[in-house]
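Here's the structure we're looking at; comments come further down.
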Amino acid sequence: MASPEERHNFRRTEAKWQETWTSRNCFTVEPNSPKPKYYVLEMFPYPSGRLHMGHVRNYTLGDVVARYKKAKGFNILHPMGWDAFGLPAENAALERGVHPGKWTRQNIKDMREQFRPLGFSLDWSREVTSCEPEYYKHEQKMFLDFLKAGLAYRKESWVNWDPVEHTVLANEQVIDGKGWRSGADVEQRKLSQWFLKITHCAEDLLKAIEGLDRWPDKVRVMQHNWIGRSEGARVQWPLVNADKTDRGESLEVFTTRPDTLFGASFCAISAQHPLAAKLAENNPDLAEFIAECGRTGTSTAAIEMAEKKGFDTGLRARHPFNPQRTVPVFAANFVLMDYGSGAIFGCPGHDERDMEFARKYGLPVYCVVAPVGEDVKAFTDKLEAGSVAFTDDGVIVNSDFLNGLKVDAAKRAAIEKLEGLKLGKGTVQYRLRDWGVSRQRYWGCPIPIIHCATCGPVPVPDKDLPVTLPEDVTFDKPGNPLERHPTWKHVKCPSCNAEAVRETDTFDTFVESSWYFARFCSPHVDDRPFDKAEAMKWLPVDQYIGGVEHAVLHLLYSRFYTRAMSECGYLDLKEPFAGMFTQGMVCHETYRAADGTWLEPGAVEVVNGVAMAKGQPITVGRSEKMSKSKKNTVDPQHIIETYGADAARLFMLSDSPPERDLEWTDAGIEGAWRFLNRLWRMAAAASEIPAQDIPADLDASAATVLRQIHRAIAAVGDDLEKFRFNSAVARIRELTNRVEDMDRSVTGGDAVFRFGVSIVAQIVNPLTPHIAEEVWELLGNKTILAQGSWPAHDPALLEDSVVTIAVQVNGKLRGTIAVAKGADAKTCETAALELPAVAKQLDGKAPRKVIVVPEKIVNIVA
RNA sequence: GCGGGUAUGGCGGAACUGGUAGACGCGUCAGACUCAAAAUCUGAUUUCGGCAACGGAGUGGGGGUUCGAUUCCCUCUACCCGCACCA
C-alpha cells in the first residue's frame, strides 16, 4: 500500500463534500431565478430495497447532465421519488409475512441511504412516494375527471389472466403468451374492467412522434409500430343460412385490401365473435371448437402459429359486389376478436395466410392482381394452381369494374363503390387498444368507485376521497385481500344510500408513473395533483433518462396521460418529455460450474489463464445483463466502499457509449481508480505552486499545452451536450496526460500546469464531483464547483498557427507537412512535392493532378 | 415473417459535414524503483516482411461512386433488439 498522502482518501472527502452540498442547499431549485429552467429526470425507481448497478448507471448519467447544465447557467430541477406500488411487495408479504406497506417503506428508507454515498445532485426536498395517500388521492380524483370526460370507461372484455399471480395483465405484459413476471401460461377470461381511452389519442400520439426530435429513433419507431395505423375499409357481408334463407343480418369485416374483394373465397370470424357464440348454442361441435381455441388462447401462440384451424359454421356470406355469389363462413383460431371487427374475408391469391388456410380446407383461389406487363391468363393459371400468394403491387384483373387499375386506385374505387352500396366504409384502424387499468391486487391505488345494485358503478364523491387502502389485511389465501376484507368494501351507495360494495380492483402501477413528473413540479400542494403554473413552468422534462424496456409502455402511457390531464384542465401540454435518452444495460460475464449451476464472480479466480472455482475448472459464459438468477451481479455498495463513488461513476461513464450495454470488469473499475489517484497527485503538485497569471512571454511548449487546455474545455462541453460521455472521459484523460507530461521548467510552465489542473477539476466535476471539489479546494479556491460555472474557452486559442496536414500520393499517406494556418494551395503543393517520400513515389515524373484541401490534405495523383 | 440496429487491434471503444484509422482506456511484453511483492514510473504494442530505413495489407465479405471511403450507394453474411396470425 502506498503512503496515505499518495492516495486520495475518498472515504473522508466524499462524505465531506456530500455534507457541504447538503448544508449549502446546492441542489434545490432557485426560486424566482432569471435563469432558464432545465428539468432533468431519471425514471424513478421501484423500491426493491437494494440498489443495483443499473440504478448507478441511470442516475450517474442524469447527474452528469444536471451538474453540467447547472454549470452552464440553468436553474435545475432534478427530483427523486419512488414508484412504490407493485407486486414484489405482495410477494414479500406472501413469502415472509411482512405487510406490503411496511416492507415498501423500509425499502425506501434503505435505498435512500444507499443513494446518499453516490453524491447525486438530487433535490430530496421534492421526494414523492406513489404508495402514500398524499400522492394517490390525486390520481383517484383525476380518474374521476377522466370518467366525466369520457376518457375512462368500464367494459366487459376478454383479459389475459395470469393464473399464478391471480391478476389481469395488459397485452404489453404478456410476452410469448406468458406473464411478464410469473412466466406462467396466460389464460383468456372475461371480466369487467376499467379502461383509459388511449385510442382516443391514437392519431395524435402517432403524428406527434415526428416532433419528438430529441428521442432515440429506435423508441420512436417502436411507438409508431405499436400504434400500428392502417387504412382500409369495413365491409358488410349479408349472411345466408345453410338452408339458403337470408338471416337478415350481415357480417362486418375489416380489410386493408378492398381491391382484392373479387378474389374472396371465404370469410372467417374469431372464435370469440358473438356470432360464433350464438351459432354454438345449437352446434355442439362448434362449441367444442370455440372451447379449444380458448384453451390454447395466446399461450402456445408461437407453436400454434403454423397451425391455422377453422370450423365451417355452415353459414354463407353474400359478396357485396355480387349478391349471387356466396362464400362459406368459418370460425377460425387465428382471427383476433379485438382487432378490426373480429372478422375477415379471405383472399388466398393475395394473402399468404389466407392461401395457407384455403389449401388446408380446399377453398378456391382466385387471381385478381397481376404484375404489370405479365400475361394475365398465364399468370392467373399459375397463381390459382400454386400455393404462393402474390402480395406485391400490380394491376387488378378478373375483377369487373376494378380491372386495369393499380392497387392503390382500386382500393379507392372499391371503397367508393361500397359506400354507394351502403355496404362498407373507408376507415382507419389502429393496432393500439385501450389501456386496461384494473388489477386484482391489494398493493395499488384503489379505484374510487362504488358498485350499487340499482345505480351501477358510482364514483366516490370528492368529499370521501381518498379511498385509502386498509392496512389490516391478510395474505393467507391467493387472490385479492381486499375482496376478503370483513368491512372495507361494504359501503352505502353515494347516490341512493342502499347497501353497496367498493370496487376492489386497484390501478395498474403504470398509472402512478404516468404523472409523477408533473407532481415533482409542486410536490407539496395538497388540494390538487400539482400547481398548473409550476407544471407549465417546468414541463416538459428537458432530459428524461431510463431503460429501453420502457420504450413503449411507460413512455406511451405518459404521453397519453399528459394529453388526458390537459383535456381535463390540469395542464396545457401534449408532450411530457422533450428529450429522451435510453441507456444500455450493465452486463457481466457469467460463470457456470461443471454441474451447470451459476457461480458468483467473487467465487471465480483465474489460474494460469484457466477460470477456476474451488479448484475446479468452470465455463465462462457470455456477458449478460446482471441478474440475481445468473448470479453475475456486482454490489454497488461494495464497489463504493472499496473504490469510492467517483471511481464507480467514472467507470460507468468510460469506454462504453451510454446507449450501449456496459461490460462491468474489475480491471475497468481499477483503471478509473488509478486515474483519480493520478489526478490527486497532480493536484498535490499544483497546490505547491503559488497562484499566478500566465505570463505574456510564454514558452512555445507551454503555449501548446495552453491551447490543448482550451481545446479540451470546448470538446468536453460539446461531448457532454451530445451524451458522448465516454468520449468526454477520453478527452479529460488526454488533457491530464498532456498537463502531467509538460515541461514545467520553461517560462510560464508552472502557471500553465496549475491552470491545467484547475481546468481538469472543473470539467471533470459533472462526472466525478467529489474529487473535483477537493482538487479545486486544494488549489486555494474558496468557491465550490457545485455552485460554479463552466470554464470559458478562448476561441482564439482553439487552433494552432501551424497546422500539420497529410500528404497522399494516389490516396496513400506518404508524409505530412507543417504549414502556416491559412496557407494557400500553392504553398501546400510546393511543400508537399518537396517531401522525399513524395519525390520517390513520383520517380521524376510530373504529377498528373494535385488536390489541395486547405488545412486538411494534399493528394497527388501520379 | 415484418420492422430496427450493430459489425473497427487480444478486449471496450475513438475518428467532426468523405480528408493522417486505431484517440482514450484495459490487457500483454520489456525496463526502472524494491531484499521481495504491491503500488508507481518509463517504453513498446493492428498485422505481415525487414536488423533498420522502409515497404505491403488492413475498419464483417464482395462490388461501386470518388483524387481520396470506417464514413456514401448496391449486395451478401453474422449477431443483437422490438413486434409477431393486426387481416
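First the proteins, then the strands, lettered A, B, ... as listed; each starts at 1. All figures in this text were calculated on a predicted structure; none of them were measured in a lab.
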Inset, instruction - Answer with base, sugar-phosphate or nothing: what part of the nucleic acid does A/Arg660 contact at a heavy-atom distance below 4.0 Å? - result: sugar-phosphate
Legend entry - Base B/rC67 paired with A/Lys849 side chain (donor-acceptor, <3.5 Å): no
Legend entry - Polar side chain donor-acceptor pair, A/Arg559 to A/Gln223, under 3.5 angstrom: yes
Inset, instruction - For A/Arg738, report the nucleic acid contact type (base, sugar-phosphate, nothing); a contact means any heavy atom under 4.0 Å. - result: sugar-phosphate
Legend entry - Donor-acceptor pair under 3.5 Å, A/Arg433 side chain vs B/rC86 base: yes
Legend entry - P spacing across the pair B/rU65 / B/rG12, given as an integer number of angstrom: 34 Å
Legend entry - For B/rU47, the Watson-Crick or wobble partner whose two distances fall under 3.5 Å: B/rG56
Inset, instruction - Name the nucleic acid region contacted by A/Arg848, choosing base, sugar-phosphate or nothing; use a 4.0 angstrom heavy-atom cut-off, strictly under. - result: nothing
Inset, instruction - State the pairing partner of B/rU6; accept Watson-Crick or G-U wobble contacts with both distances under 3.5 Å, and report none otherwise. - result: B/rA78
Inset, instruction - Kindly say whether, by distance alone, the side chain of A/Asp655 makes a donor-acceptor pair under 3.5 Å with the base of B/rG12? - result: yes
Legend entry - Where the chi angle of B/rG68 falls, syn if within 90° of 0 and anti if not: anti
Inset, instruction - Looking at every strand, decide which applies to A/Glu734 at a 4.0 Å heavy-atom threshold: base, sugar-phosphate, or nothing. - result: sugar-phosphate
Inset, instruction - Identify whether any heavy atom of A/Ser230 sits under 4.0 Å from a base atom; if not, whether one sits that close to sugar-phosphate; answer base, sugar-phosphate or nothing. - result: sugar-phosphate
Inset, instruction - Would you indicate which nucleotide in B/rC67, B/rG27, B/rA15 comes nearest to any side-chain atom of A/Val861? - result: B/rC67
Inset, instruction - Look at all strands and tell whether A/Arg353 reaches a base, only sugar-phosphate, or nothing, counting heavy atoms closer than 4.0 Å. - result: base
Legend entry - Sugar-phosphate only, base, or nothing, as touched by A/Thr816 at under 4.0 Å among non-hydrogen atoms: base
Inset, instruction - Side chain of A/Thr255 only, please: which of B/rA7, B/rA87, B/rA23 is the nearest? - result: B/rA87
Legend entry - Separation of the P atoms in B/rA57 and B/rG61, to the nearest angstrom: 15 Å
Inset, instruction - Using a 4.0 Å heavy-atom cut-off across all strands, classify A/Ser656 as base, sugar-phosphate, or nothing. - result: sugar-phosphate
Inset, instruction - With the side chain of A/Ile857 defined as its heavy atoms from C-beta on, choose the nearest nucleotide among B/rG13, B/rU20, B/rC86. - result: B/rU20
Legend entry - Any strand: nucleotide that pairs with B/rC83 via Watson-Crick or wobble, under 3.5 Å: B/rG1
Inset, instruction - Would you indicate which nucleotide in B/rA84, B/rG3, B/rC81 comes nearest to any side-chain atom of A/Arg431? - result: B/rA84
Legend entry - Nucleotide opposite B/rC24 in a Watson-Crick or G-U pair, distances under 3.5 Å: B/rG12
Inset, instruction - Tell which nucleotide pairs with B/rU17, taking only Watson-Crick or G-U wobble pairs whose two distances are both under 3.5 angstrom. - result: none
Inset, instruction - For the residue pair A/Asn726 and A/Ser654, confirm or rule out a side-chain donor-acceptor distance under 3.5 Å. - result: no
Inset, instruction - Could you check whether the rings of A/His319 and A/Phe321 sit parallel, tilted or perpendicular, using 30° and 60° as the cut-offs? - result: tilted
Inset, instruction - Both distances under 3.5 Å, Watson-Crick or G-U wobble: report the partner of B/rU40, or none. - result: B/rA32
Legend entry - Ion pair A/Arg229/A/Glu203, N-O distance below 4.0 Å: yes
Legend entry - Listed nucleotide nearest any side-chain atom of A/Lys856, set B/rC24, B/rG19, B/rG27: B/rG19
Legend entry - Note: A/Glu292-A/Lys309 ion pair, threshold 4.0 Å (strictly below): yes
Legend entry - Which nucleotide in B/rG25, B/rA14, B/rG3 has an atom nearest any side-chain atom of A/Val221: B/rG3
Legend entry - Residue A/Asn859, side-chain atoms from C-beta onward, closest of B/rU20, B/rC24, B/rG19: B/rG19
Inset, instruction - Select base, sugar-phosphate, or nothing to describe what A/Arg229 touches, counting heavy atoms under 4.0 Å on all strands. - result: nothing
Inset, instruction - Ignoring the backbone of A/Gln808, work out which of B/rG68, B/rA87, B/rG25 is nearest its side chain. - result: B/rG68
Inset, instruction - Answer with base, sugar-phosphate or nothing: what part of the nucleic acid does A/Val335 contact at a heavy-atom distance below 4.0 Å? - result: base
Inset, instruction - Name the orientation class of the two ring planes belonging to A/Phe357 and A/Tyr361 (parallel below 30°, tilted from 30 to 60°, perpendicular beyond 60°). - result: tilted
Inset, instruction - Could you tell me whether A/Asp338 and A/Arg433 have a side-chain N and a carboxylate O separated by less than 4.0 Å? - result: yes
Legend entry - Residue whose closest nucleotide on RNA chain B lies nearer the 5' end, A/Leu336 versus A/Met222: A/Met222
Inset, instruction - For A/Asn737, report the nucleic acid contact type (base, sugar-phosphate, nothing); a contact means any heavy atom under 4.0 Å. - result: sugar-phosphate
Legend entry - Watson-Crick or G-U counterpart of B/rU65, or none if no pair lies under 3.5 Å: none
